Amino acid sequence: MSAPPPVVAPSILAADFSRLAEEARAVEGAADWLHIDVMDNHFVPNLTIGLPVVTSLRAATDLPFDVHLMIADPRRWAPGYADAGAYNVTFHAEASDNPVSLAKDLRAAGAKAGLAIDRDTPVEPYLELLPHFDTLLIMTIKAGFGGQKFIPAMLDKVAAARRHVDAGHLELRIEVDGGIAEDTIAQAAEAGADAFVAGTAVYSAADPAEAVRRLKTLARRP
Ligand SMILES: O=C(CO)[C@H](O)[C@H](O)COP(=O)(O)O
Ligand SMILES: [Fe+2]
């Protein structure tokens, strides 16, 4: 069976925050999901946007929202993003004492559930939880800031997850986030990723939609 087409999710972290609606629409027709980084200045040392902005933006585009919660208390906030119409809500394993319970709540609220692991977190302890999730987000940088350099060593985690997902015939996307660009996306795909977040590589391009299309072509696996 051939692999499903890759998903490319531009990250609005690299967009102009004064024109979020326009920046979202700039990738319509090319992007599969719009990646939205929520940071609380506790789980990571940076602050971005929260639920009111995501709720407003929901009315501005039809793109599915891939919400990446880098927050210390996902149990409190994650279901609100599902209620606000997010397609996929991802929270960090490092911030959750009962990831499976929260995944069930997200699915019950009508969203897909994602589990994220940061740079210094191994993947093995979480493999057995994957049947409860729709996406596994493997950070390819240290979470907190856009524009960082891709860390190739993270691909060992991608490959381990891919082996587990394929062996168990799990329906789960393996998503990579951080430093994904034209010179890194193919190696991530080769390791087994099938969803790709790209902020700087998309929004620093003259034509963001064309940048997404080029990334998607490079991400195709045989
Ligand atoms: O989660 C993130 C940072 O923690 C962002 O999604 C990520 O940094 C994307 O930006 P870039 O493509 O510029 O690395
Ligand atoms: Fe992200």
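Since we're looking at a predicted model, the values are computed, not measured. Numbering of ligands and ligand atoms starts at 1, following listing order.
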* To do: Could you list the atoms of ligand 1 found under 4.0 angstrom from a heavy atom of H35?
  => 6 (O)
* Any N or O of Q148 closer than 3.5 Å to N or O of ligand 1 -> no
* Ignoring angles and geometry beyond distance, decide whether I180 reaches within less than 3.5 Å of ligand 1 through its nitrogen or oxygen atoms. => no
* Asked: Which of the atoms in ligand 1, numbered in the order shown and given with their element, are less than 4.0 Å from a heavy-atom of G178?
  -> 14 (O)
* To do: Decide whether D37 and H35 meet the rule of one side-chain donor and one side-chain acceptor closer than 3.5 Å.
  => yes
* Asked: Looking at ligand 1, does A201 have a heavy atom less than 4.0 Å from it?
  -> no
* Of the options I49, L69, V44, which is the one that meets M39 in a side-chain contact (heavy atoms from CB on, under 4.5 Å)? -> V44
* M139 to ligand 1: N or O pair under 3.5 Å? -> no
* Asked: Are the side chains of Y203 and S11 in touch, meaning some heavy atoms are under 4.5 Å apart?
  -> no
* Within the structure, does M70 bring an N/O atom to less than 3.5 angstrom of an N/O atom in ligand 1? -> no
* **Atoms of ligand 1 close to D37 [distance to a heavy atom under 4.0 angstrom, numbered from 1]** => 1 (O), 2 (C), 5 (C), 6 (O)
* Are there more than 12 heavy atoms of other residues, nucleotides or ligands under 6.0 Å from atom CD of E28? -> yes
* Might you point out which heavy atoms bring L57 and I12 nearest each other, and give the distance in Å? => CD2-CD1, 4.1 Å
* Asked: Considering only protein heavy atoms, which is closest to atom 7 (C) of ligand 1, and at what distance to one decimal place?
  -> D177 OD1, 3.1 Å
* Asked: Is there a donor-acceptor pair closer than 3.5 Å between any side-chain N or O of D118 and the backbone N or O of A143?
  -> yes
* Asked: Should the proximity of V44 to ligand 1, defined as any heavy atom under 4.0 Å, be assigned to the side chain, the backbone, both, or neither?
  -> neither
* Determine whether the side chain, the backbone, both or neither of S11 has a heavy atom under 4.0 Å from any heavy atom of ligand 1. => side chain
* **Atom name, D177 (N, O or S, nearest to the Fe ion (ligand 2))** => OD2
* Structure fact -> atom 4 (O) of ligand 1 has as its nearest protein heavy atom G144 N, 2.8 Å
* Structure fact -> For H68, the atoms of ligand 1 under 4.0 Å from one of its heavy atoms are 1 (O)
* Structure fact -> If you scan protein heavy atoms around atom 14 (O) of ligand 1, the nearest is G179 N, 2.9 Å
* **More than 12 heavy atoms from other groups under 6.0 Å of CZ on R214** => no
* Asked: Any N or O of G147 that comes nearer than 3.5 Å to an N or O of ligand 1?
  -> yes
* So does N98 have more than 12 non-hydrogen atoms from other groups sitting under 6.0 Å from CG? -> yes
* With a 4.0 Å heavy-atom cut-off (strictly under), which part of T200 contacts ligand 1: side chain, backbone, both or neither? -> both
* Which option out of F196, F150, F145 puts a heavy atom nearest to atom 3 (C) of ligand 1? -> F145
* A143 near ligand 1, heavy-atom distance under 4.0 Å? -> yes
* To do: Give a yes or no on whether D120 atom CG has more than 12 heavy-atom contacts from other residues, nucleotides or ligands under 6.0 Å away.
  => yes
* Please confirm whether the backbone N or O of M139 pairs with a side-chain atom of D177, one donor and one acceptor, at under 3.5 Å? => no
* **Residue, atom name and distance, where the atom is the protein heavy atom closest to atom 12 (O) of ligand 1** => G199 N, 2.8 Å
* To do: Give the atoms of ligand 1, by number and element, whose distance to some non-hydrogen atom of V197 is under 4.0 Å.
  => 6 (O)
* Structure fact -> The NE2(H35)-the Fe ion (ligand 2)-OD1(D37) angle, to 10°, is 90°
* Taking all atoms of both residues into account, what is the closest heavy-atom pair of A30 and V212, and its distance? -> O-CG1, 3.5 Å
* Structure fact -> Numbered in order shown, the ligand 1 atoms found under 4.0 Å of a heavy atom of G146 are 8 (O), 10 (O), 13 (O)
* Asked: Does atom CD of E171 have more than 12 heavy-atom neighbours, drawn from other residues, nucleotides or ligands, at distances under 6.0 Å?
  -> no
* Between H164 (side chain) and L127 (backbone), is there a donor-acceptor pair under 3.5 Å? -> yes
* Taking the side chain as every heavy atom from C-beta outward, state whether R213 and K216 have any atom pair closer than 4.5 Å. => no
* At a 4.0 Å threshold, what atoms of ligand 1 neighbour a non-hydrogen atom of A198? -> 12 (O)
* K142, NZ: over 12 other non-hydrogen atoms inside 6.0 angstrom -> yes
* Structure fact -> Of all the N, O or S atoms in H68, the one nearest to the Fe ion (ligand 2) is ND1
